[in-house]
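To keep things clear, I will list the structure first and then write my remarks on it.
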Amino acid sequence: MTFKAALEDFKFNLMDMGLLKSVQALPGFEEVTDDVVLAVLEENARFVEEQIAPLNAVGDREHAQWSNGQVKTVTGFKEAFKAYTQAGWQALQHDVNYGGQGFPKTIAAITSESLHSANLSFALCPLLTDGCVEAIYQAGSEEQKQKYIPPMLEGRWTGTMNLTEPQAGSDLALLNTKAVKQADGTYRISGQKIFITYGEHDMAENIVHLVLARTPDAPPGVKGISLFIVPKFLVNEDGSLGKRNDVWCASIEEKMGIHASPTTVLIYGDNKGEVGEGAIGYLVGEENAGLAHMFVMMNEARFNVGVQGFALSERSYQQALAYAQERVQGNVEGSKGAVPIIQHPDVQRMLHTMRALTQGARATALYTAMHQDLAHHHPDIEQRKQIKAIQEYLVPIVKAFSTEMAIEATSLGVQVHGGMGFIEETGAAQHFRDVRITAIYEGTTAIQANDFIGRKTLRDGGAVGKYFVAEMQKTVAELQASGNEKLGFIAQQLEQAVKAYHVSIDEVLMMAKEGGMKAAFSGSVPFLMLAGYVHAGWHLARAALVCEGKSAPFYQTKQATAIFYAAHLLPRVTALAATLKSSRIVADLGFTE
């Protein structure tokens with residue numbers, strides 16, 4: 001089917017919900033006018049619809065191919081990447097001093113969604129490059145910024161993130177890749193990294209690897225990790241490419257989904273380049289401070305993976321909707337003759353669920369992106385700190401809730417197709433297979449949930465969470481004051497959910513105090529998902545208020561989506577709150593066969 005970017009909903013969140021106005025008030029964004037933003041979004045939609053989306057099924061069928069250390073990407077990817085970068089999309093959100101266009105994150109989040117909806121396998125390369133650019137921008141020296149950022153924004157080079165090792169998984173304290181300092185100030189890197197997205201490919205002339213490694217005298221654990229730039233080809237003083245570095249692609253993985261994205265195993269220090277044994281690396285920042293620097297890239301990636309979740313949900317929803325409008329089957333009311341299955345009540349329920357989850361997650365993410373812009377550009381330093389706390393609180397919600405709900409939504413997309421959904425020819429299954437990794441990479445749902453409790457709730461005694469409770473209660477009051485029966489129903493449902501949210505925050509604080517972190521973490525995923533459902537429902541409730549009294553079909557549909565969410569999805573909050581409360585009972589059970 002033909003993919004279309006969700007332009008109407010993008011515009012609604014930016015214009016009707018006031019996100020763009022908040023960003024436009026910040027220093028540095030004076031030229032980001034409504035007309036400019038709309039032109040950018042419409043051109044981005046046209047580009048991804050015409051040049052990127054058609055390659056999605058091609059990549060799923062062909063797969064990236066490995067041979068003797070080299071990776072050949074699927075038909076059309078190389079040309080599409082060149083067109084993508086030459087059109088300036090890689091540079092959109094980055095600093096103008098290094099070749100970027102300086103657009104706010106709020107806009108970049110939207111163009112990122114459209115790209116990921118169109119083709120997740122393709123989009124992963126620009127995503128990792130964005131993260132690499134951001135990490136070097138925030139932690140690198142001025143020389144490193146000038147040397148590595150412009151070529152990545154131009155699309156001549158791409159970037160990667162190298163954390164995972166075979167024995168370490170998500171536990172970075174177990175990393176053992178070595179970095180030995182040389183007399184000239186460089187380091188020789190040796191070790192093995194796995195699951196490196198686009199660690200080798202043929203779409204750019206150089207690849208900039210950001211690698212976590214340990215120096216010989218580093219302290220144990222995460223405090224002894226340093227961050228290094230290790231380019232595939234060394235860079236000469238004039239910016240031209242020099243010798244092939246000692247980093248080699250040993251293989252790529254065969255995966256459940258994202259077949260066109262090469263997931264590589266990289267070997268450092270196997271003496272297969274032109275520099276002798278040990279890849280040459282350049283320290284970013286200070287020794288033993290690598291994890292803090294890499295977290296810049298990881299948090300950027302975590303947010304964007306959340307965007308991937310509802311991006312794939314949007315694609316799956318569009319396909320399921322088109323199929324439901326065309327597929328004819330018996331009338332459930334028993335009259336003679338078949339009708340399009342979109343008239344069947346349960347098909348409507350599934351489509352409503354897909355749309356409501358997708359739009360709720362999108363609204364939460366764009367609200368988060370707006371706060372990231374505020375945190376970086378607000379003129380008041382003290383307010384920046386408060387806003388930063390809000391933005392950081394929301395990132396694990398965006399990452400985990402958006403990806404978990406996307407698994408449900410894309411599964412429903414298959415279900416709407418019935419037996420044809422299980423047949424690869426329809427394409428419905430690809431969205432389900434592709435999105436499954438999003439709840440795993442860049443930190444599993446449990447890792448996000450533990451972070452949400454440990455660093456985002458316990459650290460400030462639930463202050464940010466309770467700030468949101470107060471804001472949500474204001475929305476409940478507005479809904480109640482409207483005098484509208486439907487808005488009153490949303491208010492009733494939202495009020496119950498917000499109360500459960502409030503109680504659950506206190507429950508987590510009490511569990512950690514009385515039972516320790518094991519007790520608190522036993523209910524971490526239910527707590528995070530609970531927060532996700534409440535935040536998404538809150539934004540849809542706010543949208544329902546904005547839509548009230550407007551007769552255009554889009555606004556009527558938007559309000560209907562909010563009502564459905566309140567009726568079918570907000571009740572999940574109460575169940576999750578009960579699960580959280582009960583988790584202290586089962587915390588010490590362990591697991592036995």
Side-chain angles (χ1 to χ4, degrees), residues 170-173 221-223 225 291-292 294-296 298-299 302-303 305-306 364 367-368 371-372 375 382-404 439 442-473 497-536 538 573-590:
S170 298
D171 189 354
L172 300 182
V222 295
K223 295 181 179 179
I225 298 174
L291 191 59
M294 185 63 93
F295 258 114
V296 172
M298 289 171 64
N299 280 331
R302 285 174 174 179
F303 174 85
V305 171
T364 305
Y367 179 86
T368 305
H371 277 79
Q372 181 171 332
E382 287 305 311
Q383 285 200 48
R384 279 194 196 184
K385 293 178 182 178
Q386 297 172 11
I387 295 167
K388 183 69 172 174
I390 292 171
Q391 180 253 332
E392 289 180 342
Y393 179 89
L394 291 170
V395 168
I397 297 176
V398 172
K399 199 284 184 186
F401 174 75
S402 298
T403 56
E404 289 287 349
E442 302 306 335
T444 63
T445 301
I447 288 173
Q448 305 302 320
N450 290 352
D451 174 71
F452 186 57
I453 283 182
R455 293 189 180 92
K456 306 303 191 298
T457 301
L458 299 183
R459 184 170 291 182
D460 68 357
V464 175
K466 291 181 180 181
Y467 158 80
F468 277 118
V469 167
E471 292 298 302
M472 292 172 183
Q473 288 170 339
V498 173
K499 285 180 180 178
Y501 186 23
H502 194 179
V503 169
S504 295
I505 293 170
D506 288 335
E507 187 72 28
V508 165
L509 296 173
M510 184 181 300
M511 288 170 68
K513 182 179 180 181
E514 296 180 355
M517 295 308 294
K518 182 178 180 181
F521 285 171
S522 67
S524 62
V525 170
F527 179 54
L528 186 146
M529 293 301 292
L530 177 158
Y533 281 114
V534 176
H535 279 265
W538 174 47
V573 173
T574 304
L576 287 165
T579 300
L580 172 64
K581 187 172 184 178
S582 300
S583 63
R584 66 165 67 191
I585 299 173
V586 301
D588 296 323
L589 290 180

Which residues share a salt bridge (Lys or Arg N to Asp or Glu O under 4.0 Å) with Glu404, sequence neighbours left out: none
Heavy-atom side-chain contact between Thr364 and Phe401 under 4.5 Å: no
Test item: Thr368 and Gln372 side chains (from C-beta on) under 4.5 Å apart, heavy atoms: no
CG-NZ distance between Leu528 and Lys456, expressed to the nearest 0.5 angstrom: 10.0 Å
For the student: nearest non-hydrogen atoms of Gly306 and Ser402, plus distance: O-CB, 3.2 Å
Heavy-atom side-chain contact between Lys466 and Asp460 under 4.5 Å: no
Check: Thr403 side chain, Ala400 main-chain N or O, donor-acceptor pair, under 3.5 Å: yes
Which atom of Gly465 lies closest to which atom of Ile505, heavy atoms considered: C-CD1, 3.6 Å
Partner set under side-chain hydrogen bond (donor to acceptor under 3.5 Å, both in side chains) for Arg455, not counting sequence neighbours: Asp451
From Ile397 atom CD1 to Gln448 atom CD, the distance as rounded to the nearest 0.5 Å: 11.0 Å
Contact check, side chains of Val498 and Trp538, non-hydrogen atoms, under 4.5 Å: no
Chi angles and distances behind the side-chain contact (heavy atoms from CB on, under 4.5 Å) call for Phe468, Leu394: CA-CA 10 Å; Phe468 277 118; Leu394 291 170; 3.9 Å; yes
Candidate pair Tyr467 and Tyr393, rule side-chain contact (heavy atoms from CB on, under 4.5 Å), full reasoning: CA-CA 11 Å; Tyr467 158 80; Tyr393 179 89; over 6 Å; no
For the student: nearest non-hydrogen atoms of Leu509 and Gly461, plus distance: CD1-O, 3.4 Å
From CA spacing to verdict: side-chain contact (heavy atoms from CB on, under 4.5 Å), Met511, Ser583: CA-CA 9 Å; Met511 288 170 68; Ser583 63; 3.2 Å; yes
Straight-line distance of Leu458 CG to Phe452 CZ, nearest 0.5 Å: 10.5 Å
Distance in Å, Glu507 CD paired with Leu580 CG, rounded so as to fall on 0.5 Å steps: 5.5 Å
Aromatic ring proximity His535/Tyr367, centre distance under 6.0 Å: no
pair Glu392-Asn299: side-chain heavy atoms closer than 4.5 Å: no
Listed partners of Lys388 passing side-chain hydrogen bond (donor to acceptor under 3.5 Å, both in side chains), at least two apart: Gln391
Minimum-distance pair of heavy atoms, taken over all atoms of Ile387 and Ala375: CG2-N, 3.7 Å
Main-chain N/O of Ala519 paired to Ser522 side chain as donor or acceptor, under 3.5 Å: yes
Derivation and outcome, side-chain contact (heavy atoms from CB on, under 4.5 Å), residues Arg302 and Ile447: CA-CA 11 Å; Arg302 285 174 174 179; Ile447 288 173; 3.9 Å; yes
